[in-house]
Amino acid sequence: MKKFYILFLIAMNGLLVASCNAGVNEVNIIPRPAALQVMPGSFSLTPKTVINVVAGTDELLPACRFFSALVERSLGIPLEITRGKARGKAINLTVDASLGEEAYTLIARKKSVDITAGSARGIFYAFQTLRQLLPAGVESGEAAPSISIQNVAIEDEPRLAYRGMMLDVARHFFPVEDVKTYIDMLALHKINRFHWHLTDDQGWRIEIKKYPRLTEIGSTRPETVIGKNTGNYDGIPHGGFYTREQIQEVVQYAADRFITVIPEIELPGHALAALAAYPELGCTGGPYNVATWWGVFNEVFCAGNEQTFAFLEGVLEEVIPLFPSEYIHIGGDECPKVRWKACRKCQARIKAEGLADEHELQSYFVQRMERFLNARGKKIIGWDEILEGGISKTATVMSWRGTKGGIEAAKLGNRVVMSPNSHAYFDYYQSKDTKNEPYAIGGFVPLSKVYSLDPTEGLDEQEASMIYGAQANLWTEYISDIRHVQYMTLPRMAALAEVAWTPQSLREYNDFLKRAIVLTNRYKSLGYNFATHLFNQDQ
Ligand code: ACM
Ligand code: ZN
């Protein structure tokens, strides 16, 4: 009897809510827009709806095609793309260069959806927002004769220009299809930089025609250590690399989603795979082997040898034309100095250049490569160790050992991307209950911790203006397949997206959590794996 009474109350309550909010459905968008108003009524998206370009060039086409392809499987046909004056039964697109490049407004009303944006990029983000107004089933092509879009008025613009995600394909290789899936995941979250960690001790993953041994020798290791350097090995060769054509394919795929690919070519450390291929570039001359276990290795590029610079310049000459990115990431992290200390050539360089020590030698190395890249129209970005021994005015610092290096760089007037391991290392555990988690490198970065990052915290206005962006990193020592990549990055990527996009004053964790739970329905429909236990964590 009591049970029925409660059910009756719930049913009545449901009716009451439905009648009070007639025609107003809950809207859950991640990252949270800068301004959002939900209005009664809806727009009906049908096979007859057109995407109508009111003002804009063909640069809009990738954004239009993306949205058309998204709804095509549900509606049965792609949406026609037209040009002309704003009209009804249409998604009208207007580029207005007086808006910020990534800014957009989106008004959905009964008659039409009207999007205005500063550029094609902004139009793409408006479409990603519109996407989150569609039922999750659209992502898996659930058939629908028409799709109802809640009426809304949105004004939106990102907080930070650089919103990045890194994938390490050196520790484990991921085929092109997986990389594209990763890029798809980024696009959904309005992430606009894909940092591709292409070289490391355990594998060289990019074809360089001038130095074929990099991939012949450097892309394969004979086996991989089991667990955390246990001394036991799996006996299974692991390898793979991307051809130039594959790199171009990925860069284009990302560009169609308004994502810039930043390649990382590690120097002067994390160089064992390259040294295995070209041992004359190391201080001792080798022989060297592609690393089969994890860590930081003493074998690094010799900074006293002119051949090293000729080699790296030859590599970069081939890398530069493949990537339209303003940046090349040159690594710079974790470069032990033991070999340099004992190397005749390195010591001669220190003397000849009037350097104080090996830290200044590293700085000489990085700044020399920077001059080479600057002369070819590229800027460098490097891990925060590039601050040690002195940094040029023009280098951008990626702060990974907490935010300390980033703060120091911002105070020096250098551009910064905040990527602290305390908040943005997605290879770290997401739960303290590690026994019930896939094996991970350590640490503890739950969803709430990611969300709590404020990239400009503690900086004055001038210093804060040097914070170019925020990024999360996925190192893959213990991650070898895309399902696991997804488990580690979703939904933490949603938190990172909001860190980088949403005005700080609008960020509230519980509000985010509610929307994140809704977003996981979309992940499900997309077939993405994700960490489901995260919604009642912090344990
Ligand atoms: C890093 O995690 N070594 C940048
Ligand atoms: Zn040397």
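Sequential numbering from 1 along the given sequence is applied to the chain's residues. These numbers were taken from a predicted model, which means no experiment stands behind them.
Without hydrogens or angle criteria, S525 side chain to S140 main chain gives a donor-acceptor distance under 3.5 Å. When atom types are taken as modelled, the side chain of S480 and the backbone of H172 share no donor-acceptor pair closer than 3.5 angstrom. Judged purely by atom type and a 3.5 angstrom limit, E318 uses its side chain to pair as donor or acceptor with the backbone of K209. Judged by distance alone, the side chain of T396 and the main-chain N or O of I381 form no donor-acceptor pair under 3.5 Å. No donor-acceptor pair closer than 3.5 Å links the side chain of H484 to the backbone N or O of I479. Using modelled atom types, no side-chain atom of Y528 and backbone atom of T520 make a donor-acceptor pair closer than 3.5 Å. Counting only distance, with no hydrogens or angles, the side chain of E157 and the backbone of A34 share no donor-acceptor pair below 3.5 Å. For the pair Q150 (side chain) and M39 (backbone), a donor-acceptor distance under 3.5 Å is present. Side-chain N or O atoms of D96 include none that pairs as donor or acceptor with a backbone N or O of A117 at under 3.5 Å. Distance alone, capped at 3.5 Å, places no donor-acceptor pair between the T476 side chain and the V169 backbone.
Heavy-atom contacts from other residues, nucleotides or ligands closer than 6.0 Å to NZ of K89 number 12 or fewer. For K110, the NZ atom sits in a loose shell: 12 or fewer heavy atoms of surrounding residues, nucleotides or ligands are nearer than 6.0 Å.
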Only pairs under 3.5 Å count here: list side-chain donor-acceptor contacts from residues 68-79, not counting sequence neighbours, and write none if there are none.
from, atom 1, to, atom 2, distance (Å)
S68, OG, L79, N, 2.9
R73, NH2, E139, O, 3.0
S74, OG, E142, O, 2.7

Listed pairs under 3.5 Å, donor-acceptor, residues 47-66 side chains, sequence neighbours left out:
from, atom 1, to, atom 2, distance (Å)
T49, OG1, T46, N, 2.9
T49, OG1, T46, O, 3.2
N52, OD1, T82, OG1, 2.9
N52, OD1, G84, N, 3.3
N52, ND2, G84, O, 3.3
N52, ND2, K85, O, 3.0
N52, ND2, N92, OD1, 3.0
T57, OG1, E59, N, 3.1
D58, OD1, R83, NH2, 3.2

Would you be so kind as to tabulate the donor-acceptor pairs closer than 3.5 Å made by side chains of residues 463-472, with sequence neighbours excluded?
from, atom 1, to, atom 2, distance (Å)
E463, OE1, K411, NZ, 3.2
E463, OE1, D460, N, 3.1
E463, OE2, K411, NZ, 3.3
S465, OG, Q462, O, 2.5
Y468, OH, R193, NH2, 3.1
Y468, OH, E326, OE2, 2.8
Q471, OE1, Y162, OH, 2.6
Q471, NE2, H195, ND1, 2.9
Q471, NE2, N473, OD1, 2.8

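Electrostatic pairing of R515 and D511 counts as a salt bridge here, judged by a charged N lying under 4.0 Å from a carboxylate O. Checked for salt-bridge contact, R32 and E508 miss the test: no charged N lies under 4.0 Å from a carboxylate O. Ion pairing between R109 and D114 holds under the 4.0 Å rule for side-chain N and carboxylate O. The existence of a salt bridge linking D454 and R159 is confirmed by a sub-4.0 Å separation between a basic side-chain nitrogen and an acidic carboxylate oxygen.
Ring planes of Y451 and Y509: tilted class, angle from 30 to 60°.
When side chains are defined from C-beta on, L134 counts as touching I149, because their heavy atoms get closer than 4.5 Å. Between I206 and Y242 the shortest side-chain heavy-atom distance does not fall below 4.5 Å. Contact annotation: the side chain of V95 never approaches that of L93 to less than 4.5 Å [non-hydrogen atoms, C-beta and beyond]. Residues T502 and F512 have side chains not in contact (no heavy-atom distance under 4.5 Å, counting atoms from C-beta outward). Side-chain contact check for P491 versus L519: every heavy-atom pair is 4.5 Å or farther apart.
Y487 does not carry R483 over the face of its six-membered ring by the limits of under 6.0 Å from the centre and within 45° of the normal.
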Test side-chain contact (heavy atoms from CB on, under 4.5 Å) applied to V179 and Y253, step by step: CA-CA 10 Å; V179 175; Y253 190 85; over 6 Å; no
F530 vs M185, side-chain contact (heavy atoms from CB on, under 4.5 Å): CA-CA, chis, key distance, verdict: CA-CA 11 Å; F530 58 95; M185 290 154 55; over 6 Å; no
Full working for side-chain contact (heavy atoms from CB on, under 4.5 Å) between Y327 and R415: CA-CA 12 Å; Y327 280 120; R415 248 191 195 180; 2.9 Å; yes
Derivation and outcome, side-chain contact (heavy atoms from CB on, under 4.5 Å), residues V250 and W196: CA-CA 11 Å; V250 168; W196 206 1; 3.8 Å; yes
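To the nearest 0.5 angstrom, I407 atom CD1 is 11.0 Å from D384 atom CG. Put simply, CD1 on I115 and CG on L130 are 5.5 Å apart, with the number rounded to the nearest 0.5 Å. Atom OG of S452 sits about 3.5 Å away from atom NE2 of H423, to the nearest 0.5 Å. Note that the OG1 atom of T181 and the CD atom of E177 stand 6.5 Å from one another [nearest 0.5 Å]. Rounding to the nearest 0.5 Å gives a distance of 5.0 Å between CG of L106 and CD1 of I154.
For E102, the side chain to side chain donor-acceptor pair (under 3.5 Å) partners at least two apart in sequence or on another chain are Y125, R163, N192. Every residue meeting the side chain to side chain contact (heavy atoms under 4.5 Å, CB included) condition with T243, not counting sequence neighbours, appears here in chain and number order: E207, F241, E245, Q246. In this structure, the side chain to side chain contact (heavy atoms under 4.5 Å, CB included) partners of A409, at least two apart in sequence or on a different chain, are L387, V397, N414, V416.
When all heavy atoms of T489 and M165 are compared, the closest pair comes out as CG2-CE, 4.0 Å. Taking every heavy atom of both residues into account, H189 and M493 meet most closely at ND1-SD, 3.5 Å. Across every non-hydrogen atom of D200 and E266, the tightest pair is OD2-OE2, 4.1 Å. Shortest non-hydrogen contact noted between Y523 and A494 is OH-CB, 3.7 Å.
Between S431 and D433, the side chains place no donor N or O within less than 3.5 Å of an acceptor N or O (distance only, hydrogens not considered). Y428 and R492 share no donor-acceptor pair across their side chains, judged by distance under 3.5 Å alone.
With ring centers used as reference points, F124 lies 6.0 Å or more from Y104. Side-chain rings of H197 and W475 approach one another, their centers coming within less than 6.0 Å.
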